[in-house]
Amino acid sequence: MKPVELRINLKEYDSPLELPEAERELIAAAAAAGTKAYAPFSGFEVGAALRLDDGSIHTGSNQESEAFPSGLCAERTLLFHVLSNFPDRKITAMAIVCRSEKDRIRTPQTPCGACRQILLEAETRSGSPLPLILRGEEGPVWILASASLLMPWPFRLEH
Ligand code: THU
């Protein structure tokens with residue numbers, strides 16, 4: 001037996017003010033999108049914003065349902081919209097911002113497993129790394145250089 005260790009690297013910035021304008025703009029767009037979340041059941045609002053290689057910014061938010069599993073996370077709401085409408089464009093970065101009715105979130109939250117899978121597939125389809133920018137309602141920002149960092153040993157159809 002030999003132990004196998006996995007490490008992931010990310011960059012933590014104390015505040016969005018440390019980031020270039022393009023990243024700050026995506027964080028602000030994600031925060032604005034989060035205000036359009038429909039989350040009456042969880043009280044957890046997530047906004048996502050991505051930039052395409054033509055410079056355009058697109059946003060989405062989590063949408064819940066009375067028929068509980070029918071709702072969808074912000075990341076997949078946005079990705080499925082963009083992948084269906086702009087299938088030939090590259091996604092150059094995505095920001096994900098969350099807030100909760102219950103507590104002030106001061107630590108970036110990472111996407112759920114299902115969203116990681118779809119993020120990874122979007123990255124693979126585009127053929128270049130998809131950086132993720134994560135933030136809570138306030139506090140530090142985490143930047144992961146590639147969505148694949150959140151998804152080691154992914155399921156692949158060729159397996
Ligand atoms: N949620 C997201 O939008 N993204 C995630 O990655 C995790 C969870 C949403 C789903 C649900 O509406 C609420 O947050 C609580 O789970």
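First listed ligand is number 1; within each ligand, the first listed atom is number 1. Residue indices begin at 1 and follow the sequence shown.
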State the atoms of ligand 1, each with its element, that fall below the 4.0 Å cut-off from a heavy-atom position in [X].
X	value
Ser42	13 (C), 15 (C)
Cys73	1 (N), 2 (C), 3 (O), 4 (N), 5 (C), 7 (C), 8 (C), 10 (C)
Glu75	2 (C), 3 (O), 4 (N), 5 (C), 6 (O)

Does the protein place any heavy atom closer than 4.0 Å to atom 16 (O) of ligand 1?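 It does not; no protein heavy atom is within 4.0 Å.
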
State the CD-CD distance between Glu45 and Glu101, to the nearest 0.5 angstrom.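 The CD atom of Glu45 sits 6.0 Å away from the CD atom of Glu101.
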
So, applying side-chain contact (heavy atoms from CB on, under 4.5 Å) with Ile133, which one of Val141, Leu50, Leu144, Ile96 is it? Val141

Below 3.5 Å, N or O to N or O, backbone or side chain included: is there any such pair between [X] and ligand 1?
X	answer
Cys112	yes
Glu64	yes
Val46	no

What I'd like to find out is whether the side chain of Gln117 reaches to under 4.5 Å of the side chain of Met151, using heavy atoms alone. yes

Check the hydrophobic clustering (I, L, V, M, F, W, Y; side-chain heavy atoms under 4.5 Å; chains of links allowed) and say if Val97 and Leu119 are grouped together. no

Give the residue and atom name of whichever protein heavy atom lies nearest to [atom], and the separation in Å to one decimal.
atom	answer
atom 14 (O) of ligand 1	Phe44 CD2, 3.3 Å
atom 3 (O) of ligand 1	Ala74 N, 2.9 Å
atom 9 (C) of ligand 1	Asn62 ND2, 3.5 Å

State which residues pass salt bridge (Lys or Arg N to Asp or Glu O under 4.0 Å) with Arg7; sequence neighbours excluded, sorted by chain then number. Glu5

Go through the steps for Arg116 and Thr110 under the test side-chain hydrogen bond (donor to acceptor under 3.5 Å, both in side chains), then give the verdict. CA-CA 9 Å; Arg116 291 177 196 210; Thr110 50; 3.0 Å; yes

Please classify the Ala39 to ligand 1 contact at 4.0 Å (heavy-atom distances, strictly less than): side chain, backbone, both or neither. neither

What do we get for Gln109 next to ligand 1 when only non-hydrogen atoms under 4.0 Å count, side chain, backbone, both or neither?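 Neither part.
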
Would Thr124 and Arg156 count as a side-chain hydrogen bond (donor to acceptor under 3.5 Å, both in side chains) here? Give the steps. CA-CA 11 Å; Thr124 307; Arg156 298 274 191 194; 3.2 Å; yes

Salt bridge present between Arg106 and Glu137 (N-O < 4.0 angstrom):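 Salt bridge absent between Arg106 and Glu137.
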
